[in-house]
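Structure first, then comments.
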Amino acid sequence: MEIGSPICLRHGHRHVHRNVRISLSTTTPTLLSTKSENSMFILGLGFVGQTLARKLQNQRWTVSGTCTTHVKKKKLEDMGFHVHLFDANHPDPSILQQLRNYTHFLVSVPPVVGIGDPMLQHEELIRSSLVNGDLKWLSYLSSTSVYGDCDGELVDEDYPTNPENESAKLRLNSELGWSNLAHHIGLSPLLFRLGGIYGPGRSAVDTIIKQKPLSEGQKRRKHRKYTSRVHVDDICQALMATIDAPSSSRVVYNIVDDDSAPREEVFEYARKLVEKKWPDLNLQHLEQKDWSIVKTRNKRGEKRVSNALMKKELGVQLLYPDYRSGLQSIIDQIENPFICN
């Protein structure tokens with residue numbers, strides 16, 4: 001999907017402003033001392049954000065990010081990250097003013113049902129904070145859910161969006177909002193539509209080892225014929241490729257692997273890997289018990305997602321082109337299943 005200015009994402013949804021406040025605050029704000037250095041501000045140091053931050057730090061980038069609780073802030077600081085507390089009740093515009101000192105800005109915060117994108121409630125403040133600053137790259141992490149149910153078709157970035165549930169609709173609204181904001185400050189936005197994210201500590205292997213019950217979303221996806229996914233390292237690879245790539249009119253990229261295998265197949269393979277490596281491990285078939293309550297096939301969201309553009313334009317060669325290679329890498333890194341992260 002190529003989008004000019006003003007942006008049109010080929011959908012009928014409009015961005016809606018609501019009176020919700022957010023805050024980025026810290027007791028020790030840090031300003032960047034060298035304007036020419038590469039610096040990244042990550043709004044939402046979650047699974048993807050932490051992985052990207054670590055990779056950028058290893059390349060001598062200055063990286064800061066946000067989280068939502070004091071407990072997580074302490075944990076992230078112990079891991080070596082510079083973190084601002086994200087408080088939805090007490091906005092602190094002074095932290096937003098610091099964004100003008102960063103060269104790159106990644107938004108990795110999902111919208112909230114009933115609220116929308118919390119950051120975009122302060123769009124005017126963000127715009128004023130970023131205008132005439134050092135920012136040259138603004139990206140938003142979205143989801144392939146914005147395509148909706150495509151009856152099993154192969155969808156690329158030009159496929160019309162048709163989100164079905166409230167969460168997916170809000171994702172699409174966020175895409176529009178962040179794109180408009182980027183154009184307003186003279187940047188070409190980048191929207192990454194991610195498949196299901198997995199990696200070390202967050203995979204079918206980890207679920208089976210920890211014997212955790214499946215979430216409601218996992219149960220609903222059990223009977224899907226196709227489920228797009230992507231390893232967190234390949235997400236970071238794609239993000240970093242856009243940092244190094246020359247400017248392009250392209251706005252949207254699908255970030256998925258080559259194999260839209262059904263979830264049930266993935267869990268069966270993961271179980272075999274675990275049983276092979278630890279034959280004496282007493283595994284309960286929790287996922288079978290949990291899934292047994294879903295008796296009919298759920299066709300919502302059926303689609304195969306193309307990653308051809310990611311490979312062609314960004315030159316990405318997937319480290320883990322399918323779930324088999326990704327899960328094998330994950331289990332190879334686990335020495336003791338009882339201390340699995």
Side-chain angles (χ1 to χ4, degrees), residues 22-87 91-109 118-119 122 125-141 178 181-182 185-192 194 197 199-200 232-247 253 255 314 316:
I22 65 154
S23 170
L24 299 174
S25 62
T26 180
T27 56
T28 56
T30 300
L31 296 178
L32 303 179
S33 59
T34 306
K35 288 192 174 184
S36 61
E37 70 181 342
N38 284 326
S39 53
M40 175 75 75
F41 192 95
I42 302 175
L43 188 68
L45 273 174
F47 189 55
V48 175
Q50 291 176 42
T51 305
L52 179 65
R54 181 67 68 204
K55 292 179 184 295
L56 292 176
Q57 286 179 332
N58 290 340
Q59 296 186 10
R60 298 186 179 279
W61 280 58
T62 298
V63 183
S64 296
T66 70
C67 68
T68 57
T69 68
H70 289 281
V71 173
K72 188 169 184 180
K73 182 175 186 289
K74 177 63 166 58
K75 180 179 179 181
L76 290 170
E77 288 175 338
D78 290 343
M79 295 167 64
F81 296 117
H82 179 257
V83 188
H84 303 281
L85 190 64
F86 184 100
D87 184 349
D92 185 353
S94 66
I95 303 302
L96 292 178
Q97 292 296 325
Q98 292 189 42
L99 289 175
R100 69 172 63 248
N101 299 298
Y102 289 82
T103 58
H104 296 70
F105 181 31
L106 175 66
V107 181
S108 182
V109 174
M119 277 297 293
H122 296 275
L125 179 59
I126 297 171
R127 286 183 181 185
S128 63
S129 299
L130 295 176
V131 168
N132 299 322
D134 297 328
L135 196 67
K136 57 184 180 182
W137 183 93
L138 190 155
S139 296
Y140 175 74
L141 298 188
W178 284 107
L181 187 151
I185 60 176
L187 295 178
S188 178
L190 285 165
L191 309 175
F192 296 94
L194 310 180
I197 305 166
V232 66
D233 285 344
D234 282 320
I235 296 173
C236 293
Q237 183 185 184
L239 288 169
M240 294 170 76
T242 64
I243 291 173
D244 297 329
S247 298
Y253 288 98
I255 310 299
L314 302 182
V316 172

### Task
Compute whether any side-chain donor of one residue and acceptor of the other, for H82 and S64, lie under 3.5 angstrom apart.
yes

### Query
Can you tell me how far the OG1 atom of T68 sits from the CG atom of L85, to the nearest 0.5 Å?
7.5 Å

#### Entry: Which atom of M79 lies closest to which atom of R54, heavy atoms considered
O-NH2, 2.5 Å

### Summary
d(Q50 CD, L45 CG) to nearest 0.5 Å is 6.0 Å

### D234-Q237 side chain donor-acceptor pair, cut-off 3.5 Å
yes

### Heavy-atom pair of closest approach, residues C236 and V48
SG-O, 4.2 Å

### Task
Identify the heavy atoms of V83 and K73 that sit nearest to each other, and give their distance.
O-CE, 3.4 Å

### Query
Do T66 and F41 have side chains that get closer than 4.5 Å, going by heavy atoms?
yes

#### Entry: Atom of L239, atom of L52 and distance for their closest heavy-atom approach
CD1-CD2, 3.9 Å

### Message
A side-chain contact here means heavy atoms from C-beta on lying under 4.5 Å apart; do L138 and W178 qualify?
### Response
yes

#### Entry: Minimum heavy-atom distance T51-F47, with the two atoms named
OG1-O, 2.9 Å

### Value rounded to 0.5 Å, distance of OH in Y102 from OG1 in T62
7.5 Å

### Query
Hey, are the side chains of T103 and M40 touching, using non-hydrogen atoms and a 4.5 Å cut-off?
no

### Query
For the residue pair G44 and S108, what are the closest heavy atoms and their distance?
O-CB, 3.7 Å

### Message
List the residues meeting side-chain hydrogen bond (donor to acceptor under 3.5 Å, both in side chains) with K74, not counting sequence neighbours, and say none if there are none.
### Response
D78

### Query
Do T242 and L314 have side chains that get closer than 4.5 Å, going by heavy atoms?
yes

### Query
Taking the side chain as C-beta and beyond, is there a heavy-atom pair between I243 and W137 under 4.5 Å?
yes

### Query
What distance do H104 atom NE2 and N38 atom CG have between them, rounded to the nearest 0.5 Å?
5.5 Å

### Task
Would you indicate whether the side-chain heavy atoms of W61 and S39 approach each other to under 4.5 Å?
no

#### Entry: Side-chain heavy-atom pair L43, L106 within 4.5 angstrom cut-off
no

### Query
Between atom CZ of R100 and atom CG of N132, what is the distance when rounded to the nearest 0.5 Å?
7.0 Å

#### Entry: Separation of L135 CG from I185 CD1 (nearest 0.5 Å)
5.0 Å

### Query
Hey, does E37 have a side-chain heavy atom less than 4.5 Å from the side chain of R60?
no

### Message
Between V316 and I255, is the side-chain contact (heavy atoms from CB on, under 4.5 Å) condition met? List the steps.
### Response
CA-CA 10 Å; V316 172; I255 310 299; over 6 Å; no

### Pair V109-M119, side-chain contact (heavy atoms from CB on, under 4.5 Å): steps then yes or no
CA-CA 9 Å; V109 174; M119 277 297 293; 5.8 Å; no

